[in-house]
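Beneath this line is the structure, given in structure tokens, with notes to follow.
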Amino acid sequence: MRAAAATAGMVSAAVLLAPGCGGSPPDRPQDSDPLRQASFRSLAAREFLASCPGAAARSETLQQAQRLEELKQLANRKGAARAVALGENDWAAVARYDERERCEPGEEAYGEAMAAFSQTLDTLARRIAEYRP
């Protein structure tokens with residue numbers, strides 16, 4: 001009886017310690033992933049910019065939106081698409097609950113929102129460049 005119990009204990013331990021068993025996978029992305037956070041923040045800034053009256057029709061807004069798409073393509077080529085997509089998923093999960101004030105009318109408010117969006121894209125670009133798969 002003791003031998004059977006000991007064998008069962010060893011088998012259980014072997015299964016739990018085997019690669020892929022128990023715990024989380026080693027490549028599990030962390031909520032604190034800087035690239036994931038940068039992706040999230042860029043989308044939050046984009047949405048705030050989009051709330052500015054007339055922002056959608058401005059060429060500067062369209063250029064920055066295109067820059068975001070190019071950065072996502074770069075992330076894909078570097079193998080960082082998953083972290084970027086997780087940031088997008090995080091934003092999609094909380095966006096409907098976003099209760100921030102919307103952009104006020106006027107050129108100054110638009111300029112501030114554009115500068116904030118551009119800065120988040122700069123950060124995103126830097127995080128993509130630093131990414132190591």
Side-chain angles (χ1 to χ4, degrees):
M1 185 70 158
R2 283 186 171 182
T7 303
M10 289 179 8
V11 169
S12 295
V15 168
L16 290 175
L17 296 175
C21 295
S24 60
D27 65 341
R28 180 174 176 255
Q30 300 296 315
D31 292 338
S32 63
D33 177 7
L35 181 53
R36 182 177 182 173
Q37 290 175 351
S39 175
F40 176 91
R41 289 182 179 134
S42 68
L43 295 176
R46 181 191 68 185
E47 293 304 311
F48 183 75
L49 177 62
S51 74
C52 293
R58 297 182 72 149
S59 65
E60 298 91 353
T61 304
L62 298 174
Q63 289 171 350
Q64 292 298 333
Q66 180 62 35
R67 181 176 171 212
L68 175 58
E69 291 305 311
E70 291 169 357
L71 287 171
K72 288 167 46 177
Q73 291 173 11
L74 175 61
N76 188 37
R77 288 191 300 272
K78 282 202 73 170
R82 183 173 185 203
V84 171
L86 288 170
E88 291 174 338
N89 287 346
D90 293 343
W91 174 249
V94 299
R96 69 184 113 189
Y97 304 108
D98 184 16
E99 295 181 358
R100 292 179 299 164
E101 292 183 29
R102 299 294 174 213
C103 182
E104 295 188 16
E107 195 62 31
E108 184 177 339
Y110 173 80
E112 289 173 4
M114 175 57 73
F117 183 41
S118 181
Q119 287 175 338
T120 63
L121 293 180
D122 292 345
T123 301
L124 180 60
R126 191 169 45 258
R127 298 291 185 233
I128 292 169
E130 294 169 351
Y131 181 80
R132 301 289 178 250

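Everything numeric here is computed off the predicted structure, so don't read it as measured data. Only heavy atoms go into these numbers, but all of them, side chains included; no hydrogens, no water, no symmetry mates.
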N/O donor to acceptor pairs below 3.5 angstrom from side-chain atoms of residues 61-68, sequence neighbours left out:
unit_1: Thr61; atom_1: OG1; unit_2: Ala55; atom_2: O; d: 2.8
unit_1: Thr61; atom_1: OG1; unit_2: Tyr110; atom_2: OH; d: 2.8
unit_1: Gln64; atom_1: OE1; unit_2: Arg67; atom_2: NH1; d: 3.3
unit_1: Arg67; atom_1: NH1; unit_2: Asp122; atom_2: OD1; d: 3.3
unit_1: Arg67; atom_1: NH2; unit_2: Asp122; atom_2: OD1; d: 2.3

Mind checking the [atom1]-[atom2] spacing from [X] to [Y]? Nearest 0.5 Å is all I need.
X      : Y      : atom1 : atom2 : value
Leu86  : Asp33  : CG    : CG    : 8.0 Å
Ser118 : Met114 : OG    : CE    : 8.0 Å
Leu74  : Arg77  : CG    : CZ    : 5.5 Å
Arg58  : Cys52  : CZ    : SG    : 9.0 Å
Ser39  : Asn89  : OG    : CG    : 9.0 Å
Ser42  : Gln119 : OG    : CD    : 13.0 Å

Minimum-distance pair of heavy atoms, taken over all atoms of [X] and [Y]:
X      : Y      : value
Cys103 : Pro53  : O-CD, 3.9 Å
Ala81  : Asn76  : CB-OD1, 3.6 Å
Ala75  : Val84  : CB-CG2, 3.7 Å
Leu71  : Ile128 : O-CD1, 3.3 Å
Glu104 : Ala109 : O-CB, 3.2 Å

### Query
Could you give all pairs that pass the ring-ring contact (aromatic ring centres under 6.0 Å, His included) test and reach residues 77-105, with sequence neighbours left out?
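Of all non-adjacent pairs touching residues 77-105, those that pass ring-ring contact (aromatic ring centres under 6.0 Å, His included) are Phe40-Trp91.
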### Task
Enumerate the residue pairs fulfilling ring-ring contact (aromatic ring centres under 6.0 Å, His included) with a member in residues 41-67, sequence neighbours excluded, ordered by first and then second residue.
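Not a single pair qualifies under ring-ring contact (aromatic ring centres under 6.0 Å, His included).
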### Query
How about Glu130: does its CD atom have over 12 heavy atoms from other parts shown lying under 6.0 Å from it?
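Correct, the count exceeds 12.
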### Message
Between Glu88 and Lys72 (salt bridge meaning N to carboxylate O under 4.0 Å), is one present in this structure?
### Response
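Result for this pair is yes, salt bridge flagged.
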### Message
With a 4.0 Å cut-off on N to O distance, would you call Arg46 and Glu69 a salt bridge?
### Response
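Salt bridge between Arg46 and Glu69, a charged N being under 4.0 Å from a carboxylate O: no.
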### Task
Would you please test Asp90 and Arg36 for side-chain contact (heavy atoms from CB on, under 4.5 Å) and show each step?
CA-CA 9 Å; Asp90 293 343; Arg36 182 177 182 173; 2.7 Å; yes
